[in-house]
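Here's the structure we're looking at; comments come further down.
In this text the structure is predicted, and so the values were computed from the model without any measurement.
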Amino acid sequence: HPNVSQGCQGGCATCSDYNGCLSCKPRLFFVLERIGMKQIGVCLSSCPSGYYGTRYPDINKCTKCKADCDTCFNKNFCTKCKSGFYLHLGKCLDNCPEGLEANNHTMECISIVHCETSEWSPWSPCMKKGKTCGFKRGTETRVREIIQHPSAKGNLCPPTSETRKCTVQRKKCQKGERGKKGRERKRKKLNKEEGKEAIPDNKGLESSRETPDQRENKDKSQQKKRKVQQKPVSVSTVP
């Protein structure tokens, strides 16, 4: 190595003007970087992306990962694959093995996840149009929750609600339970009662419908009744 120097910069223990670092200070990693057509040595505290570090008694070196591997732990174990490959157990694969599926966000092969749901809830009260009274046949519903959403190849989730017909003993609605139809019937009933109260009493109109002759005869008849009632009763005395 021409022009080997001991007074180097950037963590080099020895260096040259042409090749850069030739050896590194303790605990630093030596790596060759390509600049144009030539490579120069540099000393780093950790290996760059695409390399893994190996420590030796005389020198710590950075070694390039496999071609399909973006970052690696060693030459046989990749931690991140390059674009187009899926990571599985330290390997970079074109397609995931059977029983696994590709995650295009993390670019890894993952286990297939199926949908999971909770148990059914109890059936709801029998209802019709939002009411629980005033009818004979209605519907009741039960629900369940999704506790695990499926992955891309997993089994889809089943329905989360069920409805069935039901029959209840017909009962009258209590105050406040009436629906729209019940309120309309109550209003019609009140209007009908108010209409009856508004009809005038016919008895008071009978006298106004009498003719003058009928009233005169009626007055004479009433006068005769009063005279009979006022006539004194004679009391005979026995000698």
Donor-acceptor contact present, side-chain Ser23 to main-chain Thr14, <3.5 Å:
yes
Nearest heavy atoms of [X] and [Y], plus distance in Å:
X: Gly53; Y: Phe29; answer: CA-CE2, 3.8 Å
X: Lys153; Y: Leu100; answer: NZ-O, 4.2 Å
X: Tyr51; Y: Val31; answer: CE2-CG2, 3.9 Å
X: Met127; Y: Cys166; answer: N-SG, 4.5 Å
X: Thr132; Y: Pro125; answer: CG2-CB, 4.3 Å
X: Cys157; Y: Gln148; answer: SG-O, 4.4 Å

Close side-chain approach of Leu87 to Met107, heavy-atom, < 4.5 Å
no
Do the side chains of Phe85 and Asp94 get nearer than 4.5 Å, heavy atoms only?
yes
With sequence neighbours left out, write down each residue that passes salt bridge (Lys or Arg N to Asp or Glu O under 4.0 Å) with Arg142, or none if nothing qualifies.
Glu162
Inter-residue atom distance [X].[atom1] - [Y].[atom2], 0.5 Å rounding:
X: Ile112; Y: Cys96; atom1: CD1; atom2: SG; value: 9.5 Å
X: Leu156; Y: Cys115; atom1: CG; atom2: SG; value: 8.0 Å
X: Cys81; Y: His88; atom1: SG; atom2: NE2; value: 11.0 Å

Kindly determine whether Glu119 and Arg144 satisfy salt bridge (Lys or Arg N to Asp or Glu O under 4.0 Å), including the steps that lead there.
CA-CA 6 Å; Glu119 296 294 327; Arg144 58 184 172 184; over 6 Å; no
Before you tell me yes or no, could you show the steps for Glu145 and Ser118 under side chain to side chain contact (heavy atoms under 4.5 Å, CB included), namely the whole-Å CA-CA distance, both residues' side-chain angles and the distance that decides it to 0.1 Å?
CA-CA 5 Å; Glu145 295 181 354; Ser118 64; 3.8 Å; yes
Test: side chain to side chain donor-acceptor pair (under 3.5 Å). Region: residues 95-117. Which pairs qualify, not counting sequence neighbours?
Tyr86-Asn104, Glu101-Ser151, His114-Asn155
Using a cut-off of 6.0 Å, state whether more than 12 heavy atoms not belonging to Arg55 lie near its atom CZ.
yes
Enumerate donor-acceptor pairs with a distance under 3.5 Å from any side-chain N or O in residues 58-80 to protein atoms, sequence neighbours excluded.
from: Asn60; atom 1: ND2; to: Leu28; atom 2: O; distance (Å): 3.4
from: Thr71; atom 1: OG1; to: Thr79; atom 2: OG1; distance (Å): 2.8
from: Thr71; atom 1: OG1; to: Lys80; atom 2: N; distance (Å): 3.4
from: Asn74; atom 1: OD1; to: Asn76; atom 2: N; distance (Å): 2.9
from: Asn74; atom 1: OD1; to: Phe77; atom 2: N; distance (Å): 2.9
from: Thr79; atom 1: OG1; to: Thr71; atom 2: O; distance (Å): 3.0

